[in-house]
Amino acid sequence: ADAALNDRDSRCIVAIEDGETQPNDLSRILFPILNDKVIPFARTVCNSPKMVVADALVRSYDPAEGREALAQHYDISTFASVIIPLNPNECEGGLYVQSGASIETRRSIDFNMAGDAVLHRFDVMHGVHVRKGKRYSLIIWLAHIFPRF
């Protein structure tokens, strides 16, 4: 997994895509963590007992390689998102939320240690801006399971 993230052309490693587990080391490592920790927590917080992981990936940012930002956006294709920085003390900058169109409404989300997490719904405007160092984050997009008719 680390070799792929260090590849100059690589921004992410996908573990789960469209609900399908990918056959790689990352998915094997993440599967028990998602099932034992992340999904139960998200289901409780969101009051959604049938919530599932739609997508999960590790994304890298590196200003030295021109990958320092992800513009503010909404995660409109999912119900909720979990963001877990993997090395928050090795970079400057990172995740922010923004309550309006103006950059003055931007607020940084500070993480104290690897494994800290934030969960937000699809309607929270957010983005990433790394000023220095490399940043690695685990991104998990969650969806509802709806009954088929």
Side-chain angles (χ1 to χ4, degrees), residues 1-2 4-5 10-63 67-148:
D2 191 39
L5 282 175
S10 196
R11 276 190 79 106
C12 66
I13 298 174
V14 176
I16 300 171
E17 185 170 20
D18 297 330
E20 297 291 326
T21 302
Q22 303 301 300
N24 58 34
D25 290 340
L26 180 60
S27 63
R28 285 186 284 281
I29 293 167
L30 281 182
F31 196 76
I33 297 166
L34 294 173
N35 283 328
D36 297 344
K37 303 285 184 187
V38 175
I39 294 171
F41 174 76
R43 286 176 174 170
T44 300
V45 170
C46 295
N47 193 25
S48 179
K50 296 193 180 224
M51 189 177 297
V52 296
V53 174
D55 297 285
L57 56 98
V58 172
R59 178 169 280 162
S60 69
Y61 298 88
D62 186 351
R67 296 188 326 255
E68 68 274 1
L70 181 61
Q72 66 271 14
H73 63 282
Y74 297 101
D75 290 340
I76 60 172
S77 64
T78 188
F79 178 73
S81 301
V82 177
I83 301 167
I84 304 171
L86 302 176
N87 65 332
N89 299 317
E90 296 176 21
C91 63
E92 290 180 18
L95 180 67
Y96 63 83
V97 295
Q98 194 165 316
S99 61
S102 171
I103 197 168
E104 283 81 32
T105 66
R106 187 174 289 181
R107 300 292 177 258
S108 293
I109 304 297
D110 295 323
F111 295 96
N112 294 322
M113 60 177 23
D116 283 352
V118 63
L119 181 144
H120 66 79
R121 288 179 27 144
F122 65 92
D123 57 355
V124 173
M125 186 186 302
H126 63 286
V128 175
H129 185 243
V130 176
R131 295 179 300 277
K132 184 178 176 186
K134 292 182 182 181
R135 178 180 191 262
Y136 299 101
S137 297
L138 173 60
I139 313 299
I140 304 159
W141 290 302
L142 303 164
H144 291 290
I145 293 179
F146 295 105
R148 290 189 170 154

Check [X] against [Y] and note the closest heavy-atom contact, atom names and distance.
X    : Y    : answer
V130 : P63  : O-CG, 3.3 Å
A54  : A143 : CB-CB, 4.1 Å
Y74  : F122 : CB-O, 3.5 Å
A69  : H129 : CB-CD2, 3.9 Å
M125 : G100 : SD-O, 3.9 Å
G94  : R135 : CA-NE, 3.7 Å

Apply the test side-chain contact (heavy atoms from CB on, under 4.5 Å) to residues D75 and H126: give CA-CA distance (whole Å), side-chain angles for both, the deciding distance (0.1 Å), then the verdict.
CA-CA 9 Å; D75 290 340; H126 63 286; 3.3 Å; yes
Keeping the roles fixed (side chain from [X], backbone from [Y]), state whether a donor-acceptor pair exists under 3.5 Å.
X    : Y    : result
N87  : Y136 : yes
R43  : M51  : yes
S102 : E104 : yes
T78  : L142 : yes

Is [X] atom [atom1] crowded by more than 12 heavy atoms from other residues, nucleotides or ligands, each under 6.0 Å away?
X   : atom1 : answer
N47 : CG    : no
E20 : CD    : no
F31 : CZ    : no

Working for side-chain contact (heavy atoms from CB on, under 4.5 Å), residues S60 and R67:
CA-CA 8 Å; S60 69; R67 296 188 326 255; 3.0 Å; yes
Of all pairs that satisfy ring-ring contact (aromatic ring centres under 6.0 Å, His included), the ones with a partner from residues 75-95, not counting sequence neighbours
F79-H144
Reported [atom1]-to-[atom2] distance for the pair [X] and [Y], which is rounded to 0.5 angstrom:
X    : Y    : atom1 : atom2 : result
Y96  : I103 : OH    : CD1   : 7.0 Å
K37  : N35  : NZ    : CG    : 12.5 Å
I29  : L34  : CD1   : CG    : 11.5 Å
W141 : D55  : CH2   : CG    : 6.0 Å
I13  : L26  : CD1   : CG    : 6.0 Å
R11  : L57  : CZ    : CG    : 10.5 Å

Tabulate below the donor-acceptor pairs under 3.5 Å that side-chain atoms of residues 108-120 make, not counting sequence neighbours, or state none.
| from | atom 1 | to | atom 2 | distance (Å) |
| --- | --- | --- | --- | --- |
| D116 | OD2 | N112 | N | 3.0 |
| D116 | OD2 | M113 | N | 3.2 |

Do the side chains of I84 and I140 get nearer than 4.5 Å, heavy atoms only?
yes
Evaluate the side-chain contact (heavy atoms from CB on, under 4.5 Å) criterion for residues L30 and V53: first the C-alpha distance (whole Å), next the side-chain angles of each, then the deciding distance (0.1 Å), finally the verdict.
CA-CA 11 Å; L30 281 182; V53 174; over 6 Å; no
Using the side-chain contact (heavy atoms from CB on, under 4.5 Å) rule, take V128 and H73 through it: C-alpha gap first, then chi angles, then the decisive distance, then the call.
CA-CA 10 Å; V128 175; H73 63 282; over 6 Å; no
Could you work out, with side chain to side chain donor-acceptor pair (under 3.5 Å) as the rule, every residue matching S27, not counting sequence neighbours?
N24
